[in-house]
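Report on one structure; see the data block that follows.
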Amino acid sequence: MNKKDLGLLILIVVVGIVVATLNPRFLLPINISNTANLVGLFGLSAIGQSIVIITGGIELSVGSAIALVGVLFVDFVANEGVPWPVALVLMIALGTLLGLIHGLLITKLKLQPFIVTLCGLLIYRGIARFYTQDGTAGFGFGQNFPALNWLTVGRSHGVPHSFVAMLIVAIIMWVVLHRSVFGRYLFAVGKNEEAARYSGIRTGLVIIWAYVICQILTAIAAIYFAMYTSSITPASQGNFYELYAIAAAVLGGFSLRGGEGSIVGVVLGVVLLQELQNLVNLLGIPSSLNFAVMGGVILIGITVDQQWGNVRAKFLPRKAA
Amino acid sequence: MNKKDLGLLILIVVVGIVVATLNPRFLLPINISNTANLVGLFGLSAIGQSIVIITGGIELSVGSAIALVGVLFVDFVANEGVPWPVALVLMIALGTLLGLIHGLLITKLKLQPFIVTLCGLLIYRGIARFYTQDGTAGFGFGQNFPALNWLTVGRSHGVPHSFVAMLIVAIIMWVVLHRSVFGRYLFAVGKNEEAARYSGIRTGLVIIWAYVICQILTAIAAIYFAMYTSSITPASQGNFYELYAIAAAVLGGFSLRGGEGSIVGVVLGVVLLQELQNLVNLLGIPSSLNFAVMGGVILIGITVDQQWGNVRAKFLPRKAA
Amino acid sequence: QSKPTIVFVANGASDFWKAAQAGVKKAQSELPDYKLELQYPDQATVASQNALMDNLVSAGVKGIIVSAVDPKNSTGEFDKLAGQTALFTTDSDAPQTKRIAYIGSSNILAGEQAAEIAKKAMPKGGKCMGFVGLLGADNARERIQGFKQGLAGTGITLVDVRGDDIDQARAKSNVSDTLVADPNVTCLVGFYSYNTPQIYAALKEGGELGKITVVGFDGDPVTLGGVKEGSIAGTVVQQPYEWAYQGMKMIAAYLKGDKSSIPANGLDIIQTKIVDSSNVDAYVAEQKAMQ
Amino acid sequence: MAADAESAGHRAEPPWLVLANLSKSYGPVNALIDFSMTVARGEVIGIIGENGAGKSTLMKILGGVVAPDAGTLTVDGTPHSGFTVADSMGAGIAFVHQELNLFDNLDVAANVLIGREKRQGGFLNLLDRRAQRDAVAPLLRRVGANFAPNTPVSSLSIAQCQMVEIAKALSVDARLVILDEPTSSLPLAETDKLLDVIADLKRSGIAVIFITHRLHEIERAADRVVALRDGRLAGHLSRAEITHDAMVKLMIGRDLKLDEARSNRPVGDIVLSARGIRTPSRPAAPVDLDLRAGEILGLAGLVGAGRTELARVFFGIDKPLGGSLSLRGQPLRLKTTTDAVKQGIFLVPEDRKLNGVLLDLPISENISLPNLPAHARRSLVSRALENRTAETQRKNLAIKADRLATPARSLSGGNQQKVVLAKWLAMTPSVMIFDEPTRGIDIGAKAEIYRLMRGLAEQGVAILMISSDMEEVIGASDRIAVMHEGAIAGYLDRPDFSEENVLLLAVGKQMNHTAAA
Ligand SMILES: Nc1ncnc2c1ncn2[C@@H]1O[C@H](COP(=O)(O)OP(=O)(O)OP(=O)(O)O)[C@@H](O)[C@H]1O
Ligand SMILES: Nc1ncnc2c1ncn2[C@@H]1O[C@H](COP(=O)(O)OP(=O)(O)OP(=O)(O)O)[C@@H](O)[C@H]1O
Ligand SMILES: [Mg+2]
Ligand SMILES: [Mg+2]
C-alpha cells in the first residue's frame with residue numbers, strides 16, 4: 001500500500017469516526033453490511049473502469065451498458081425462460097463484444113476513447129430503452145432463482161456476496177495489474193504508447209484487452225445491480241455510474257492521463273464514495289445535498305492529497321538519485 | 001472554412017435532404033425556426049466548452065451550472081423582485097466566479113480539469129436542488145418581462161433571438177480564437193503547456209481565462225434555457241448537456257488532447273446534433289431510440305471523417321509541406 | 001397527411017404508461033378515422049418535452065394530450081401550443097393555461113387515500129418515512145401534501161421523504177439506510193410506483209417484512225403481490241388506461257366539433273382507488289383483462 | 001591498438017547486414033537518397049553528418065520504426081522489404097533512440113527490460129521482479145550509473161535517463177547496437193564510461209553504430225566513419241583516415257575553421273546576480289552567482305549537479321525556496337516566465353522537444369510566440385509581420401526548412417534548436433541562458449551558435465552557458481563556474497581552464513592551480 005492509498009484510508013476512517021460519533025448506528029453490523037454490498041456493486045464497475053484509465057483511456061458507456069445488460073439479463077431470465085447460467089454467459093459474451101468493438105474502434109480506426117465510449121453511452125441506452133419499449137424489466141412477484149439469488153444478493157454471516165465477488169475480482173486484478181507482464185504493459189501503454197510500440201509491445205492488443213476487461217466487469221456488475229434492484233427502468237438504470245467509477249478511480253490516485261494508479265486505491269475510492277452516500281441518509285442530510293456532499297468531499301480529498309504532496313516535496317529533501 | 005468543417009456541412013445537408021424527402025414538413029419555416037432556437041441554446045454552451053477543450057481541458061460542470069444559474073435567475077427575477085438586468089449581471093458574475101475557481105484549482109493547485117469540473121457537476125447541482133428544496137423555480141402565472149422575453153425567446157421574422165445571440169457570440173469567439181493573440185496562446189497552451197510557458201506565456205492565466213469564458217457563456221446559455229423552459233427542475237435541468245457540448249465540439253473537429261478545433265466546426269456540430277433530434281421526432285422514430293440515433297450518427301460521422309483523412313493521406317500526395 | 005393524428009405525450013419513459021398505451025390502443029380500435037399515438041420525451045425534462053411537442057406541432061399533429069413534466073411553469077409553452085393544436089392535459093393539470101380540459105386523477109386525493117390506508121393499518125399511530133423519485137416534482141409534492149392532510153390530527157406523522165432521482169439502486173439503499181438510521185420508524189411510504197417494490201425488497205432482505213407498515217402508490221406487480229401477501233397494507237392506484245382511453249375519445253369528439261363531452265369546469269377527474277387485501281385479486285384480474 | 005587488430009580479423013567475414021539503395025522522403029524532403037552501406041560483426045561505425053543529413057532516419061529504418069520508400073535490408077543473406085520493429089529485434093538490433101523513450105511511471109529495471117520481462121508462474125505470465133533487478137544491476141554498473149534498478153525513472157535527470165537507454169540496449173542479446181547521439185547530454189566522465197562500453201561490445205563481437213556530433217568521440221571509438229550529406233552518402237573514412245578535419249570536410253564539403261578567438265575586451269557590470277538561491281532538490285546548498293554584461297559564463301558540473309534547476313529559477317519557472325535575485329542592482333522578482341521575458345532574460349532549454357518548441361505549430365508561429373503582441377495590431381495577429389520576423393531569423397540562423405509554415409516537428413533536432421534560438425534572437429536579450437545549447441547539434445551549426453553567442457556577448461548581453469560538453473565549456477566560456485551537489489564549487493578564470501580542474505571541482509575536490517600553469 002503506497003502513501004496515497006494510506007492517505008485515502010485515513011480519510012475514510014476519519015469520516016467514519018465523525019459519522020459514528022454523530023449517529024452511533026453507523027457502526028451497526030447491518031449498516032456496514034449494506035454499505036459493503038453497495039461497495040461490491042460499484043466496486044466491480046470501478047475496477048473495470050480503472051483498467052481502462054490506466055491505459056490513458058476512458059469508458060463513458062459503463063452506465064448505459066449496466067442498463068442494457070441488466071435489461072437483457074432480467075428479460076431473458078424472467079420472461080424468456082433462459083436458464084440463468086446461460087444468460088450469465090451470454091451477458092459476459094455481450095460485454096466482451098462491446099469491449100472488443102470499443103477497443104477496435106480506438107486502436108484500428110484511431111478514434112478518441114472519449115468519443116467512442118460517449119457514442120456507446122448514447123447507443124446502448126437507446127437500445128435498452130427500445131428493447132423494453134421504455135418499460136421496466138423486472139422479475140414477477142414471487143419469481144425466484146435461489147442459486148442466482150444466493151450468488152448475487154445473498155449474504156454469509158452478514159457479508160454480502162456482492163462484496164465477496166468484488167474482493168475476488170480485486171485480488172485477481174491486483175495480480176494482473178501489479179504483478180503480471182500484461183499489467184506492466186498496461187502501465188507502459190498508458191504512459192507512452194509510441195515508446196511502448198517501439199519496445200515491441202503490441203499496444204493495440206493491450207488496449208483492446210483493457211476495454212474488454214472493463215466491459216466484462218461491467219457486465220458482471222450489471223447483473224449484480226439488476227439482482228439488487230430486481231427491476232430495471234432502462235431510461236435511468238445506471239445513469240451517471242460511469243462518473244462514479246471515474247471519481248472513485250481518481251480519488252484512488254489514478255491519473256486520467258494514464259499510467260498511474262493502483263487497485264487498492266480504486267477500491268478505497270469506492271468505499272469513500274459509498275460511505276458518503278450512507279452518511280447523507282444516516283445523518284438525515286436533505287437528499288438534495290447528496291451530490292454536493294459527494295463533490296465537496298472528493299474535491300477536498302484530492303486537494304489535500306495534492307497539497308500534501310507539494311508540502312512533502314518542498315520540505316523533505318529528495319532521496320539521492 | 002477547412003476541409004473538416006466542409007465535410008460536416010455536407011453531412012448536415014445530406015441528412016437534411018433525406019429527412020425532407022421522408023417528411024417535407026421538415027422544411028417548414030416554423031420547424032427550421034424551432035431548430036434554430038435549439039441550436040442557439042446549445043450552441044452558446046458548446047462554444048464555451050470548445051474554448052476549454054482547445055486548452056486540453058474539459059468542463060463537465062456545464063449542465064449543473066445551467067441548472068444552478070437558471071434556478072437563481074428565475075428565482076431572483078420571479079420571486080425576489082430583482083430587476084432582470086441586475087439579475088443578468090449577477091449571473092454573469094457568478095459564471096465568472098465559477099470559471100475563476102475552476103481555473104485556479106486547475107492551474108494553482110494543479111488538479112486535473114476532469115476531476116475539478118466533475119466535482120463542480122456534483123456540487124452545483126446539489127446547491128441548485130438545495131436552494132429550491134428540490135422544487136421547481138418558475139415564473140408565476142401572468143408574470144411577464146417583455147424586454148427580457150424579447151431578448152431571449154423572441155423571434156424577428158421567424159429568426160429566434162437565441163440563434164442571433166449564438167451567432168454574435170460565435171463571431172466574437174471566432175475572432176478571439178482564430179485571429180487574436182489570446183487565441184494563439186490558447187492553441188499554444190493546448191498543444192504543449194510546458195513549451196508555451198518556456199516561451200514566456202502566462203499559461204496559468206490563459207487557462208483561467210478559458211474556464212472563465214466557458215462559464216460566462218454557460219451562464220448566458222443558462223438564462224436562455226431558463227427563459228425557454230420558463231421553469232426549472234433543478235434535479236434534471238441541463239442533465240448531460242456537457243456531454244452534448246463535448247460531442248458537438250468533437251464532431252466539429254476538436255481534439256480532446258487540446259490544440260485543435262475551430263469555431264465554425266463546433267457550431268456545425270451543434271447544428272448536426274439538433275438536426276438529429278428534430279429528425280427523430282419528425283420521422284416518428286420511437287423517442288427511446290433518440291439517443292441511439294444520435295450516438296450512431298456521431299460515431300459514423302467521426303469514423304468517416306477519420307477514414308477519409310487516412311484515405312487522403314494515402315492516395316493524395318501531400319501538398320508541398 | 002392522411003388521417004388526423006392525436007398524440008398522448010407522456011412525461012417520461014415508465015411502465016406506468018403501459019396501461020395508457022393499452023387505453024390508446026382501445027381508443028384506436030374505436031376511432032379508425034384517427035391516428036393515435038403515445039410518445040415519450042427522451043428525457044423527463046421540460047426542455048425535452050417542449051422540443052418534442054414543438055416538433056409534433058410542426059409535423060401537423062391535430063391534438064395533444066400531455067402529462068406535463070412541470071405543468072405549473074409551462075404556461076407560455078402550453079399557451080403557444082394551444083394556439084396551434086387541440087391541447088389537453090392529463091396526469092397533472094395546468095389549470096391556468098389555455099388547455100381545453102384535464103383528464104386524470106387528483107394527486108392530493110390520492111395522498112389522502114394513502115393516509116386512509118395508513119390510519120387503518122396503524123390505529124395506534126406511528127412514524128412514517130417516505131420515498132420518492134423526484135422530491136420537487138408536482139405529483140410528488142401533491143401526494144405528500146395529501147398524505148399529510150389525511151394524517152392531520154392522528155398519531156401518525158410523516159417525518160421525512162428521501163429522494164433518489166429515479167435511481168432504483170439508490171431507492172433501495174435509501175430504505176436500508178432508513179431502517180438503520182431510525183429504529184423508531186414504523187411505516188414506510190413509496191410515493192412513486194417503483195419505490196414500493198424497492199421498500200418491499202429492502203424489508204425482505206432486512207428480515208423486517210411484516211413488522212413495518214408499508215403504504216404504496218400505483219400497481220407494480222410486486223406491490224400488488226405484497227398487498228396480496230399481506231406485507232403491504234395497501235396501495236393507491238390511478239387509472240392511466242382510462243385517462244388515455246377517455247382522453248382520446250374526448251379529443252376526437254372535440255376535433256369533430258362535439259364540445260359536449262368537455263366538462264364545464266374543464267376537469268374530468270378519474271378517481272384513484274385503494275387496493276388492499278380485500279380487493280387486490282379483483283383488481284389484478286381487471287388489469288389482466290385490459291391487456 | 002588491440003582493438004584494431006581484432007577488427008581487422010573480422011574484416012574477412014562477409015558483412016551480416018547489408019543496406020542497399022535505401023531512400024526515404026517526407027513529402028518534399030528527401031531525408032535519405034539511394035543510400036547503401038554494410039555492417040560487419042564487431043565493427044564500430046561512426047555516423048556523422050550535419051543536422052538533418054538523414055542519420056536518424058537511417059537508424060529508424062534499421063529499427064523498423066520507419067519504412068523506407070525504396071531499397072532493401074539484407075540480414076544474414078535474407079533480404080527484407082518490409083522491416084518491422086519485430087524484424088529488427090529479431091535480427092538482434094538494439095536501438096537507443098535520439099529522443100528519449102522511457103516510461104517515467106516505471107522503475108529503471110522495468111524500463112531496461114520492457115517488452116522482454118523476466119517471467120514466472122507459467123501461463124500466468126507473472127513478473128519475476130527479483131530476476132529483473134538481478135539482471136539489470138550489472139548493466140547499470142557497466143554504464144557507470146550510480147542508481148539502483150528499482151529507482152523510479154521520474155527521479156532521474158536527462159543524462160541519467162540516457163544511461164538507462166544505453167543499459168536497455170545492452171540488455172538485449174544484440175548483434176548490433178545503434179546509439180543515436182547517446183552522449184548528447186552526458187558529461188565527460190560518463191561519456192568515457194560509454195566509450196569503454198563500446199569497446200567491450202566490440203570485443204564480444206557485437207557491432208555498434210554510433211551517431212554523435214562530438215567528433216573526438218568518434219576519433220576515439222570508431223573503426224570506420226560513414227558520412228551523410230543531404231541524405232546521400234558523402235564518403236567513408238577508414239580507421240587510419242579518421243581525423244577531425246577529415247570528418248568535418250566530409251560532412252560539410254569544405255574546411256571549417258572553428259573560431260577560437262576570444263575578445264580580450266574587459267567585461268561589463270554585473271547584470272544578473274543571485275544571492276543564497278536555494279532550490280527544492282538541494283535546499284541546503286545556497287547559490288551565489290554574478291553574471292556580467294558581455295561575458296560568457298560557462299556552468300559545468302556532473303549529472304544532476306543542479307544547473308538546470310538553477311536556470312529554471314533564473315527564468316521564473318520555479319520559485320526558489322529562499323534567496324534573492326537582482327538585475328542591474330534592482331531586486332528582481334520573477335513570478336512567471338513572462339516577468340523574466342519582460343526583463344530580457346531568456347532561456348534556451350535543455351529538453352527542446354518538451355520545452356523548447358511546440359512541435360505541431362508552424363516554424364513561424366514558434367518564432368513569434370514569445371513576442372506575439374509585437375506581431376499584432378489591436379491584439380489581432382498579423383501573419384505578415386510574423387512571417388517577416390521568421391524569414392529574417394531563418395536567414396540569420398540558416399534554418400534548414402523549405403517553408404516556414406511547416407510544423408516544427410518535421411525539422412531535424414539541430415534545426416529545431418535553431419528555431420528555439422530564433423524566437424529569442426528576434427527580441428532583445430539582456431541575459432541569455434543556454435542550457436546545453438549544442439546538444440545534438442552538428443559541428444557546423446555549433447560553430448554558428450558559438451559565433452552567435454560571442455556576437456551577443458559583444459553586444460553586451462550577459463550569457464550563462466550550461467554545458468556538459470567539456471570542449472565547449474573550455475572553448476567557448478570567458479569564465480567557468482563549476483557546480484557540485486547544488487552549490488558553486490568554484491570559479492575558473494581563463495588561465496586556470498583545463499579539463500582536469502573542471503573535473504576536480506565537479507567532484508567536490510580542490511582544484512589544482514599548478515596544473516594550469
Ligand atoms: N517525421 C518527419 N516528417 C517530415 N520530415 C522529417 C521527419 N523526420 C525527419 N524529417 C526530415 O528528414 C531530414 C532528415 O532528418 P533526420 O532526423 O534523419 O536528421 P539527422 O541527420 O538525424 O539530424 P540531427 O543531427 O539533427 O539529429 C530532415 O530534413 C528532417 O527535416
Ligand atoms: N537529490 C536528488 N535526488 C533525486 N534527484 C535529483 C537530486 N538532485 C538532482 N536530481 C535530479 O537531477 C536534476 C537536478 O539537476 P539538474 O537537472 O539541474 O542538473 P544538471 O546539472 O543540469 O545536470 P544534467 O546534466 O542532468 O542536466 C533534477 O531534475 C532531479 O531530477
Ligand atoms: Mg538525428
Ligand atoms: Mg541539466
Side-chain angles (χ1 to χ4, degrees), chain A residues 58 60-61 64 105 109-116 118-135 234-235 239-240 243-244 246-247 249-251 254-257 285-303 305-307 309-310, chain B residues 58 60-61 64 105 109-116 118-135 234-235 239-240 243-244 246-247 249-251 254-257 285-303 305-307 309-310:
Chain A
I58 197 158
L60 295 175
S61 74
S64 298
L105 287 172
L109 298 191
K110 309 264 177 271
L111 301 180
Q112 297 180 33
F114 194 99
I115 204 67
V116 168
L118 175 60
C119 290
L121 177 154
L122 296 168
I123 295 173
Y124 307 147
R125 177 141 335 256
I127 297 176
R129 292 174 60 171
F130 185 68
Y131 184 82
T132 61
Q133 302 294 333
D134 253 328
N239 257 348
F240 290 116
L243 293 187
Y244 299 163
I246 295 168
V250 173
L251 264 177
F254 284 71
S255 160
L256 292 169
R257 285 176 220 106
I285 297 173
S287 21
S288 55
L289 274 181
N290 188 346
F291 275 149
V293 169
M294 205 155 103
V297 172
I298 296 176
L299 193 60
I300 293 169
I302 300 269
T303 310
D305 177 68
Q306 184 81 15
Q307 289 310 93
N310 289 355
Chain B
I58 197 158
L60 294 176
S61 75
S64 297
L105 286 172
L109 298 192
K110 310 261 178 274
L111 302 181
Q112 298 180 33
F114 195 100
I115 204 67
V116 168
L118 175 60
C119 290
L121 178 154
L122 296 168
I123 295 173
Y124 307 149
R125 182 151 317 268
I127 296 176
R129 296 176 59 169
F130 186 66
Y131 183 83
T132 60
Q133 302 293 333
D134 249 329
N239 258 348
F240 289 117
L243 294 186
Y244 298 163
I246 295 168
V250 173
L251 264 177
F254 284 71
S255 160
L256 292 169
R257 286 175 219 107
I285 297 173
S287 39
S288 56
L289 275 181
N290 189 341
F291 275 150
V293 169
M294 204 154 103
V297 172
I298 297 176
L299 192 60
I300 293 168
I302 301 269
T303 309
D305 178 69
Q306 184 82 15
Q307 289 309 94
N310 289 355

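Values reported hereafter were calculated over all heavy atoms of this structure, with side chains retained and with hydrogens, waters and symmetry mates removed. Chain A is the first sequence line, chain B the second, and so forth, proteins listed ahead of strands; every chain is numbered from 1.
Contacts between Leu251(A) and chain B at a heavy-atom distance below 4.5 Å are absent for every atom of the residue. At a 4.5 Å heavy-atom cutoff, the contact between Ser255(A) and chain B is made by backbone and side-chain atoms alike.
Here Leu289(A) is the residue among Val297(A), Val250(A), Leu289(A), Val293(A) with the most heavy-atom pairs under 4.5 Å with chain B. Highest contact tally toward chain A, considering only Ile127(B), Leu243(B), Thr132(B), Leu60(B), is held by Leu243(B) [criterion: heavy-atom pairs under 4.5 Å]. When each of Ala247(A), Ser288(A), Ala292(A) is scored by its heavy-atom pairs under 4.5 Å with chain B, the top score falls to Ser288(A).
Closest non-hydrogen pair, Gly295(A) versus Cys119(B), comes out as O-SG, 3.5 Å. Nearest heavy-atom pair across Ile246(A) and Phe114(B) is CG2-CE2, 3.4 Å. The nearest pair of heavy atoms linking Leu299(A) to Val116(B) is CD1-CA, 4.5 Å. Nearest heavy atom pair, residue Leu256(A) against residue Gln112(B), reads N-OE1, 3.1 Å.
One finds the CD1 atom of Ile115(A) at 5.0 Å from the CD1 atom of Ile302(B) (value rounded to the nearest 0.5 Å). Taking CG from Leu122(A) and CZ from Phe240(B), the interatomic distance works out to 9.0 Å, rounded to the nearest 0.5 Å.
No side-chain heavy atom of Asn239(B) sits less than 4.5 Å from a side-chain heavy atom of Asn239(A). With contacts defined as side-chain heavy-atom distances shorter than 4.5 Å, the pair Leu118(B)/Ile298(A) does not qualify.
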